[in-house]
Amino acid sequence: MPTLRIVTWNINSVRLRLPLLADLVRDLAPDVICLQETKCPDDLFPHDGIAALGFPHRAQRGMKGYNGVAILSRIPLAVREGDPNWCEKGDCRHLGVTLDVPGGLELHNFYVPAGGDMPDRAANPKFAHKLDFVAEAAAWERARGGARRAVMLGDLNIAPLEHDVWSHRQMLGVVSHTPVEVEALNAWQQAGAWHDALRHFVPPAEKLYTWWSYRAKDWAAANRGRRLDHIWVSQDLAGALSGWNVLKAARGWTQASDHVPVMAEITL
DNA sequence: ATGGTCGGAGCCCGA
């Protein structure tokens, strides 16, 4: 049975952190890597360096300065056509592919808007954009029907469970953990009947983070993390989940991203 | 206590 290791990582500049990608490959031995915040126009994407790491199949959707997503693969892939232009912005927050494994596997890589500082739709257009984006994703799921043989992942910028944040009580009013965001994310997850691959393995009462702020004096000592990065699988693949990893050590790497790589293994 | 640090662009913006 083929085993597939899929990683999601908000790399926060693919050009600056290309050397760290080699460390990720060494530590997690992934077959597919989904990146967010590549901050790299397509014509400047570092294809050669990534090919040298053993990823001959690549797709990217980038722009100057902000956002940007990419999928790096040991397995051939085909970019999906006809997926939405989210919020009519053309801002490079989603890339969908079909992986060439027996039976095929649909894979969606998302970078959800962070939402700014104020959790107020009327006063903060970034927060409105975030809520609109997630609502549009839920509507898209409903329109196309429950996916099968599919993986949905990325930096969703929402920590839905109480123990996805260091303090549920203190985070209730902070963008990423407000009830209105959590409700929107849950509606998306339910609309697609997605199964949370990391909470499949880690009980909900156990703290689990994938992001630690750059602004902390000592991120590890404070450990005020949030689980913003997610991997969901379609229900038919829930029984195929065979492993996981959150590479917390990556937060301590030299010139680290504020997000760490998250891995799920599927035995098809 | 209401700061703090990043990356990319280009003399701030978004996270």
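Taking both residues in full, the closest heavy atoms of A/Val79 and A/Val97 are given as CA-CG1, 4.1 Å, listed atom of the first, atom of the second, then distance.
Among the heavy atoms of the strands, none lies under 4.0 Å from A/Gln36. Contact annotation for A/Arg93: backbone-only contact, meaning every heavy-atom pair under 4.0 Å involves sugar-phosphate atoms and none involves a base.
Rounded to an integer number of Å, the gap from CH2 of A/Trp9 to P of B/dG7 is 12 Å. One can place CG of A/Leu20 at 14 Å from C1' of B/dC6, the figure rounded to the nearest angstrom. One atom, CG of A/Asp91, and another, C1' of B/dG14, lie 12 Å apart when rounded to the nearest Å. Straight-line distance from the CG atom of A/Asp229 to the P atom of B/dA15: 15 Å, rounded to whole Å. Going from atom NZ of A/Lys64 over to atom P of B/dG14 covers 15 Å, rounded to whole Å. At whole-Å resolution of the value, CG in A/Leu35 and P in B/dG7 are 16 Å apart. Rounded to an integer number of Å, the gap from OH of A/Tyr66 to P of B/dC12 is 13 Å. At whole-Å resolution of the value, CG in A/Asn67 and C1' in B/dG7 are 13 Å apart.
In this structure, the ring of A/Trp86 has its center less than 6.0 angstrom from the ring center of A/His94. A distance below 6.0 Å separates the ring centres of A/Trp140 and A/His108.
Nearest-nucleotide assignment on DNA chain B puts the 5′-proximal partner with A/Lys39, out of A/Lys39 and A/Asp258. Projected onto DNA chain B by closest heavy-atom contact, A/Pro113 and A/Arg15 fall at different nucleotides, the more 5' of which corresponds to A/Arg15.
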Under 3.5 Å donor-acceptor pairs involving side-chain atoms of residues 215-224 of chain A, not counting sequence neighbours:
residue	atom	partner	partner atom	Å
A/Asp218	OD1	A/Ala220	N	3.2
A/Asp218	OD1	A/Ala221	N	3.0
A/Asn223	OD1	A/Trp212	NE1	2.9

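Using cut-offs of 30° and 60° for the angle between ring planes, the A/Phe133 and A/His129 rings count as perpendicular.
Side chain of A/Arg251 to main chain of A/Trp211: no donor-acceptor pair is present (N/O by atom type, distance under 3.5 Å, no hydrogens or angles).
Residues from residues 116-132 of chain A that place a heavy atom under 4.0 Å from any atom of DNA chain B, listed by number: A/Lys126. Within residues 43-52 of chain A, no residue is approached by DNA chain B to less than 4.0 Å at the level of any non-hydrogen atom.
Note on A/Arg215: every side-chain N or O is 4.0 Å or more away from OP1 and OP2 of B/dA15.
Between A/Asp196 and A/Arg227 there is a salt bridge, since a side-chain N of the basic residue sits under 4.0 Å from a carboxylate O of the acidic one. Look at A/Arg121 and A/Asp132 and you find a salt bridge, because one of the NZ, NE, NH1 or NH2 atoms lies within 4.0 Å of a carboxylate O, short of that distance.
Look at the C1' atom in both B/dA9 and B/dA15: the space between them is 15 Å, to the nearest Å. Taking the P atoms as reference points, B/dG10 lies 22 Å from B/dC6, given to the whole Å. Atom P of B/dG7 sits at a distance of 23 Å from the matching atom of B/dG3, rounded to the whole Å.
We find the CG-OH distance between A/Asn10 and A/Tyr111 to be 6.0 Å, quoted to the nearest 0.5 Å. Interatomic distance, A/Arg58 CZ to A/His47 NE2, rounded to the nearest 0.5 Å: 5.5 Å.
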